[in-house]
Each structure stands twice: as C-alpha cells, then as structure tokens.
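Everything below concerns the one structure shown next.
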Amino acid sequence: MDKEQQQHQQNTSAVKRTLLIFNCFLLAVGNCGGPLVMRLYFVHGGNRVWLSSFLETGGWPIIFIPLLISYIRRRRLAALDPSGSADSSQIIFMKPRLFLASAVIGILTGFDDYLYAYGVARLPVSTSALIIACQLAFTAGFAFLLVKQKFTSYSINAVVLLTIGGAVLALHTSGDRPAGESNKDYIAGFLMTVAAAVVYGFILPLVELTYKKARQQITYTLVLEYQLIMSLFATIVCVIGMLINNDFQVIPREAETFGLGKFRYYLVLVLSAILWQGFFLGAIGVIFSSSSLFSGIVIAVLLPVTEILAVIIFNEKFQAEKAVSLALNLWGFVSYFYGEIKNNKKKKLELQRYEETASTQITNV
Ligand SMILES: Nc1ncnc2[nH]cnc12
C-alpha cells in the first residue's frame, strides 16, 4: 500500500468514526428522550395509541434538512472541481432495490411503533424499558442468522450481561401497575412490548442485510434517504390507524383537556416526533458505521439511563435493582469495547504481517 492509499484509508476510517460517534449521540438522545416524552403524553391525559405510534416516525420531513445540506455541499464541491465525480449534482441516490427494501421495513416499523406505543401507554417507563432490554438477545440471534454476525467471547459476554441487566429490573415490577389499570390491560401492555422487542430485534439486522445486498455503495446520504423512505411508509401505516380510530378528530379535544395545557400538548407532540427521528436515524446510522449488533448494544446500554431519568422526571422510585442494572450494563459495554479494541489490534497486526511478507516476496523476485 503506498502513502497516498494509506492516507485515504486513514481519512475514511476517521470519517466513519466521527459518524459513529454522531449517530451514537442521536441514538442516545432519542432512546432516552423518546420514551419519556411519549409517557408524558399518556400520564397527563393523552390516550391515543395510534397518534403516539405516528409520532415515532412522523417527523420524517426534518430529514430533508440534512439531505439539503448534503446536496448543497455536493454542488459546491462540483463547482470547485468540474472534472470530479458525476455523482456530485445527483439529487437522489437510492435505487429501486433499496427503495423497495426500505419501504417494506418501513411498513414493518409502522406496526412495531404501534406495539411499542401500546406498551408505553399501559406500563411505567421503567417496566417497558426493562422489557425492551431483551431486544438485544433477539438482535443478536437475528444478526447471527441474517448477516452471519461473528461473536467473540467478549461480545457474547456483553449480550448476556446487558440482557441480565434488563432482567434485574424485572425484580421490582410487581408493584408497578399504575393505579386504576386492570390486570388484563397490564398484561396486554407487557405482551405487546415483548412483541415490539422481537420485531425491532429483527428489523435492525434486516437493515444491515439490506445495506449488504443493496448492489450500490452505501453512503451516509443514502442512509438519510433510507431513513426518509422507511419513516414515510411507517407513517402511512400509522395514519391509516389514526383514520380508522378517529384520532384526528380527537386531537383538538385532547389538547383542551391535557394536564399541562394546550400549548404544552402540541409541544409534547412536536418534541416527541423530533426525538424519535433521532432514535431511528441513530439506529440505522450506527448500523452503517458499525453493525446491527452494536446498535442493539447502544440501545440496551442506555436503558438504565432512561430509568434514572424516569425516576427524576416522574418520581418513580430508585430501587437498588436499577443501580445493579446500570453496573451490569456498563460492565457489558466495557466488555464489548475491550473485545473490539483487541480484535482491531489483531487485525492490524495481521495486515502488517501480510504486507511485510508480500513486500519481501516481491524483493526476492
Ligand atoms: N418502535 C420502537 N420504538 C422504540 N424502541 C423500540 N423498541 C422496539 N420497538 C421500538
């Protein structure tokens, strides 16, 4: 490898690392803020589940902002270097194959949104967060089946610790049923959240698979287009649900009687839509920069943070289990990272050795 190639490779991996950090940040903000704001809506008098599902993906028009910035940047680069890549002034990169994949995944996401919102409507945030922790086990299983994810002892350790970290929280949920809620409703909420964890645990590796089978180069602009199409189709599913349930007629009435007032009702809806865009874009962005398994790990690691925020915002109790869960999650995360760093070092060493052998062979010839 010559110096120029080496420099190019270093630049590419620096960009990927920056994008990974940025998407982890988006995922963190969405994963912690999304459930809390959604619960805020239900706690203060909101009760439309399809509306809440809609808010999970309905904020897709904001994706036009980074897409526009990316387009302007490309145009500017093209103007500076007219002989550069022909792609620069292209508006849409997505080809029909990837469009179809993102549309299908979007429809699946729309139903998953409903399952998830149904759970948040009936369970305390702490309970739904702990159920979602088992999502990682499904993500790992489906990643193994769909994208042949390789596991090391460190990543297996991380999956086990993070899943147990979630399960530990289950020890304190018996007294968690909100006042006035029937046992039947509570169980329905529980089962719907488990179903959401299975479906989203399947969606993450499925996105990774579609990136791999896209037959076109995946760039971050393409990830943004993917997010836009996926959210658009999920929103269509939710709008149909809202129309069937007359949610649109109920919104103004609900706003009038909302516990925090009319202005804050609409603020909660808008904030919810923005935060959830962060969650979904962060999730598929992390898959782009790393893998669906890592995306699942970031989601699981952040669950105790959501728990702690729920303690602060909704005055839910901070039980010892939450601290234990947090410690287990951090341990799992450190284990995963340690394994990754070790693995990368090993790969670099192998590449170096390979290059040295290749160059000695050339010299000998
Ligand atoms: N629709 C959803 N939103 C957020 N987290 C989820 N986990 C599983 N489904 C989810």
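Numbers here are sequence positions counted from 1. Please read all numbers here as calculations on a predicted model, not as lab measurements. When a ligand or atom number is given, it counts from 1 through the structure's own listing order. Both backbone and side-chain heavy atoms feed into the values below; hydrogens, waters and symmetry mates do not.
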Atoms of ligand 1 close to Ile132 [distance to a heavy atom under 4.0 angstrom, numbered from 1] | 7 (N), 8 (C)

In this structure, atom 3 (N) of ligand 1 is nearest to the protein heavy atom Glu56 OE1, 2.7 Å

Does any donor atom in the side chain of Thr221 or Ser70 lie under 3.5 Å from an acceptor atom in the other side chain?
-> yes

Protein heavy atom at shortest distance from atom 6 (C) of ligand 1 = Tyr116 CD1, 3.6 Å

Val199, portion touching ligand 1 at heavy-atom distance under 4.0 Å | neither

Among side-chain atoms of Tyr265 and Glu254, is any donor-acceptor pair under 3.5 angstrom?
-> yes

Answer yes or no on whether Lys16 is positioned over the face of Phe288, meaning its NZ or CZ is under 6.0 Å from the six-membered ring centre and within 45° of the axis.
-> yes

Under 3.5 Å: N/O of Gln135 near N/O of ligand 1 | yes

CA sep, side-chain torsions, deciding dist, call: Val125, Val120, side chain to side chain contact (heavy atoms under 4.5 Å, CB included) = CA-CA 7 Å; Val125 176; Val120 174; 5.5 Å; no

Could an N or O of ligand 1 be found under 3.5 Å from any N or O of Tyr200, whether backbone or side chain?
-> no

Closest to atom 4 (C) of ligand 1 (heavy atoms only, candidates Trp276, Phe280, Phe138) is Trp276

Can you check whether Val37 reaches Trp276 side chain to side chain, under 4.5 Å on heavy atoms?
-> no

Please could you name the atoms of ligand 1 that Phe279 approaches to less than 4.0 Å, counting only its heavy atoms?
-> 4 (C), 5 (N)

Quick one: look up the protein heavy atom nearest atom 1 (N) of ligand 1 and list residue, atom name and how far away it is.
-> Asp112 OD2, 2.8 Å

Side-chain H-bond candidate by donor/acceptor type, Glu208 with Gln149, under 3.5 Å = no

Would Arg73 count as a cation-pi partner of Tyr71, with NZ or CZ less than 6.0 Å from the six-membered ring centre and within 45° of the ring normal?
-> no

